[in-house]
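A short write-up of the structure that comes next.
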Amino acid sequence: MKIVTYNVNGLRPRIAQFGSLPKLLNSLDADIICVQETKLRRQELTADLVMAEGYESFFSCTRTSERGRTGYSGVATFCRVKSAFSSDEVALPVAAEEGFTGLLEIGKGEMAAAAEGLEEFSKDELLKVDGEGRCIITDHGHFVLFNLYGPRAVCDDTERIEFKLKFFMILQKRWESLLLQGRRIFVVGDLNIAPTSLDRCDAEPEFENNQFRRWFRSMLVENKGSFFDVFRAKHPNRREAYTCWPQNTGAEEFNYGSRIDHILFAGSCLHQEQDLQSHNFVTCHVKECDILTQYKRWKPGNSLRWKGGQSIKLEGSDHAPVYTSLLEIPSVFQHSTPSLSARYIPMVHGLQQTLVSVLMKRQTAEQVNSDGDIIKESCSERERSSSDHCSTPGVPSGNSCSSSSQNFEVLSSKTNEHSNGFSMEDTCNTLVTLGGQRTKTMCSSEPKKKAKRSSQLSLRSFFQKSSIPSNGVGNGTDTSTNQIDVPDSNRLSNETPIPENQSGSPKQCELNSSASIEDQDEVDVCSLEKEKNNFALMEWQRLQQVMQNSIPLCKGHREPCVARVVRKRGANFGRRFYVCARAEGPASNPEANCNYFKWAASKPRQK
């Protein structure tokens, strides 16, 4: 059995990157896939984002809009199963829960009670930590799986620090309650905590004194806690094993990152032997745990930032997936997918058609087709009667066919009125025999659209030949007045040719003169527009040169810096500064960023 955790940094862009949700999931080739930072709101959970054949999915989305943010976190768990019903597969959960406080469970409504062990916290406290869509719990029989996206809190943001402390405090209480019940627990996801200096590139001396890192380490078995850090249990001394890299500094080029995506386990071994002192779950059931570095955005061979690579957009998340492979996990009792499954979300379930709706649509389509056949049949009858009337011997072809054509037009208009109620286009082709020739007439249910006529005539239109209509009696051809004239080669061959040189008339000379003036005006406008564009281009190039000359060179490499703008709210918000253009990396690497920094001369305007 294989479990993967992956901060996708937006589920939509990852689906677009791989082409579809099934392709994304299949590329990871795991039985349980836990993704974080989906960045989806509840109303955006459509079938193409949540449903994949062979997978059951469970979502938690942001329920709050504090600080004007919506859909900024979110987690989802995808379980690969052969059947969602009456299955004994471990991957298919026997139960699922959104959040970890017990207050968000589907169907409990206002009477929902806090989960066992959380009675000491107020309902408002619990709802607040569960309101950002940061946890999905799935119970797989042998273990309970927590898919987590831990809050991020910078050192000077006291509000978020308080939130993060409360989040993990309540979470720890829930874990302790489950362990007291004898349950095994997997905790996977982006916890936004690098526990030791070994998990951070160029960690500062005081790095491990951070309160969240101390809390994390206190939860581990080596510090008399309950949890194994599964990756460190398998690779205790591996260095430069990172799962996240800053997006805007190109840190992936030099593997300048942190290990903040984790797989933790607490609980007993699955073996039934009497003496279990020498057994633990990790040694008995965990085959491997590692980082899928092939999912990194920056690949060997990509252009370096300071050699043109800065403008190249890298595809992928700023995190790499982490996986673990499990051994000897037996099947569980037969069960079906929980009610929290995404297949029951209204936005998804509502799009599924019932058998009745399919039959109703088919019946409607058949009704429309049968009505269309009736109209075509009536058109065919009119064709035969019109043809018989026109071919009656002893009747002058011109008069009889003209009256027949008029009668046909009336019938055609009535047919149009009759068929206006249909959405489909019911068109029948009528071949009417007129004086030995066959004329094609259209009987359509759609009203003919009038051709749009431009208000401004083109220059070519003044010199086009005027067409001389034929009376059509000589060759026995009649044209309906409601149809658009179509040029006919036989008809044009019988017309009187128009002389080519007719420009001698005063009116034609006047038109030629007007056209010449108009052409000259157009040339003048084009020249003026081209001159303006050239001037604008030269001015822009001059400004670029001035800007280039004003960009400082970094001290470490004597290369032009890149400009940045302060986005964080505060005294320097909106202020520009310059930094080294190279990718961020270890201080020991001379090829990496030299940490040069300089404020731009201009200061932000006070608002």
Side-chain angles (χ1 to χ4, degrees), residues 3-28 30 32-42 44-46 48-50 52 57-62 67-78 132-136 147-154 160 164 188-194 199-201 241-263 291-299 302 305 309-310 312-323 567-568 583-584:
I3 301 174
V4 167
T5 176
Y6 186 19
N7 182 320
V8 293
N9 191 20
L11 187 57
R12 272 202 192 91
R14 291 297 75 72
I15 291 174
Q17 178 188 349
F18 284 84
S20 68
L21 178 61
K23 289 180 180 179
L24 168 62
L25 299 177
N26 292 337
S27 73
L28 294 166
I32 303 175
I33 301 169
C34 300
V35 299
Q36 301 86 42
E37 209 171 353
T38 57
K39 297 183 179 180
L40 294 173
R41 296 177 295 172
R42 191 79 179 174
E44 296 173 333
L45 298 183
T46 52
D48 59 321
L49 298 177
V50 305
S57 58
F58 306 86
F59 278 76
S60 180
C61 304
T62 307
R67 300 186 176 189
R69 299 183 299 178
T70 57
Y72 59 90
S73 55
V75 294
T77 299
F78 294 89
E132 295 188 359
R134 294 185 176 274
C135 180
I136 277 283
N147 177 6
L148 287 181
Y149 178 39
R152 180 175 177 269
V154 293
R160 291 306 287 178
K164 189 170 182 175
V188 307
D190 174 7
L191 303 189
N192 262 311
I193 302 174
D199 302 309
R200 175 67 178 270
C201 188
Y242 308 130
T243 64
C244 178
W245 302 265
Q247 290 190 83
N248 58 345
T249 63
E252 290 174 67
E253 292 180 24
F254 298 109
N255 194 25
Y256 190 79
S258 303
R259 189 176 72 92
I260 60 177
D261 300 85
H262 302 283
I263 297 179
I291 302 166
L292 298 172
T293 54
Q294 64 267 32
Y295 284 80
K296 289 174 62 176
R297 295 181 307 157
W298 194 85
K299 305 288 192 302
N302 288 144
R305 283 169 64 88
Q310 193 170 10
I312 299 173
K313 184 178 179 181
L314 300 177
E315 262 196 327
S317 172
D318 53 343
H319 291 248
V322 182
Y323 81 94
R567 298 298 183 192
K568 186 179 178 181
E584 192 176 13

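With rounding to the nearest 0.5 Å, the separation of CZ in Arg200 from OG in Ser258 is 4.0 Å. Taking CD from Gln17 and OG from Ser27, the interatomic distance works out to 8.5 Å, rounded to the nearest 0.5 Å. Taken to the nearest 0.5 Å, the SG atom of Cys244 stands 11.5 Å off from the CD1 atom of Ile291. To the nearest 0.5 Å, atom CZ of residue Arg12 and atom NZ of residue Lys39 are 11.5 Å apart. We find the CG-OG distance between Leu45 and Ser57 to be 8.5 Å, quoted to the nearest 0.5 Å. Between atom OG1 of residue Thr293 and atom CG of residue Asn255 there is a gap of 9.0 Å, rounded to the nearest 0.5 Å.
Across every non-hydrogen atom of Tyr256 and Cys201, the tightest pair is CD1-SG, 3.1 Å. Of all non-hydrogen atoms in Ile33 and Ala30, the two that sit nearest each other are CG1-CB, 3.8 Å. Looking at every heavy atom in both residues, Ala583 comes nearest to Glu253 through CB-OE1, 3.6 Å. When all heavy atoms of Ser73 and Gly133 are compared, the pair lying nearest together is OG-O, 4.1 Å. Of all non-hydrogen atoms in Glu44 and Leu49, the two that sit nearest each other are O-CD1, 3.3 Å.
Side-chain contact between Pro246 and Glu584 is present, with heavy atoms from C-beta onward closer than 4.5 Å. Between Gln247 and Arg297, some side-chain heavy-atom pair lies under the 4.5 Å cut-off. Residues Val75 and Thr77 form no side-chain contact, since every pair of their non-hydrogen atoms from C-beta on lies 4.5 Å or further apart. A heavy-atom distance below 4.5 Å is not found between the side chains of Ile32 and Val4. Side-chain contact check for Tyr149 versus Leu191: every heavy-atom pair is 4.5 Å or farther apart. Looking at Tyr6 and Cys34, their side chains never come closer than 4.5 Å, going by heavy atoms from C-beta outward. Counting only heavy atoms from C-beta outward, the side chains of Leu292 and Val322 never approach each other to under 4.5 Å. Asp48 is not listed as a side-chain neighbour of Leu21, based on a closest heavy-atom distance of 4.5 Å or more.
Listed by chain and residue number, Val35, Thr38, Phe59, Phe78 satisfy the side chain to side chain contact (heavy atoms under 4.5 Å, CB included) test with Ala76 (two or more places apart in sequence, or in another chain). Residues satisfying the side chain to side chain donor-acceptor pair (under 3.5 Å) test with Thr243, not counting sequence neighbours, are Asp261.
There is no side-chain donor-acceptor pair under 3.5 Å between Thr5 and Tyr323. For the residue pair Asn192/Lys164, the side-chain donor-acceptor check at 3.5 Å is not satisfied. Glu37 and Tyr72 share no donor-acceptor pair across their side chains, judged by distance under 3.5 Å alone.
Remark: side-chain polar atoms of Ser317 are paired, donor with acceptor, to backbone N or O of His319 under 3.5 angstrom.
Ion pairing of Glu252 with Lys296 is absent here, as no side-chain N (NZ or NE/NH1/NH2) approaches a carboxylate O to less than 4.0 Å.
Cation-pi geometry between Arg259 and Tyr242 is not met at under 6.0 angstrom from the ring centre and within 45 degrees of the axis.
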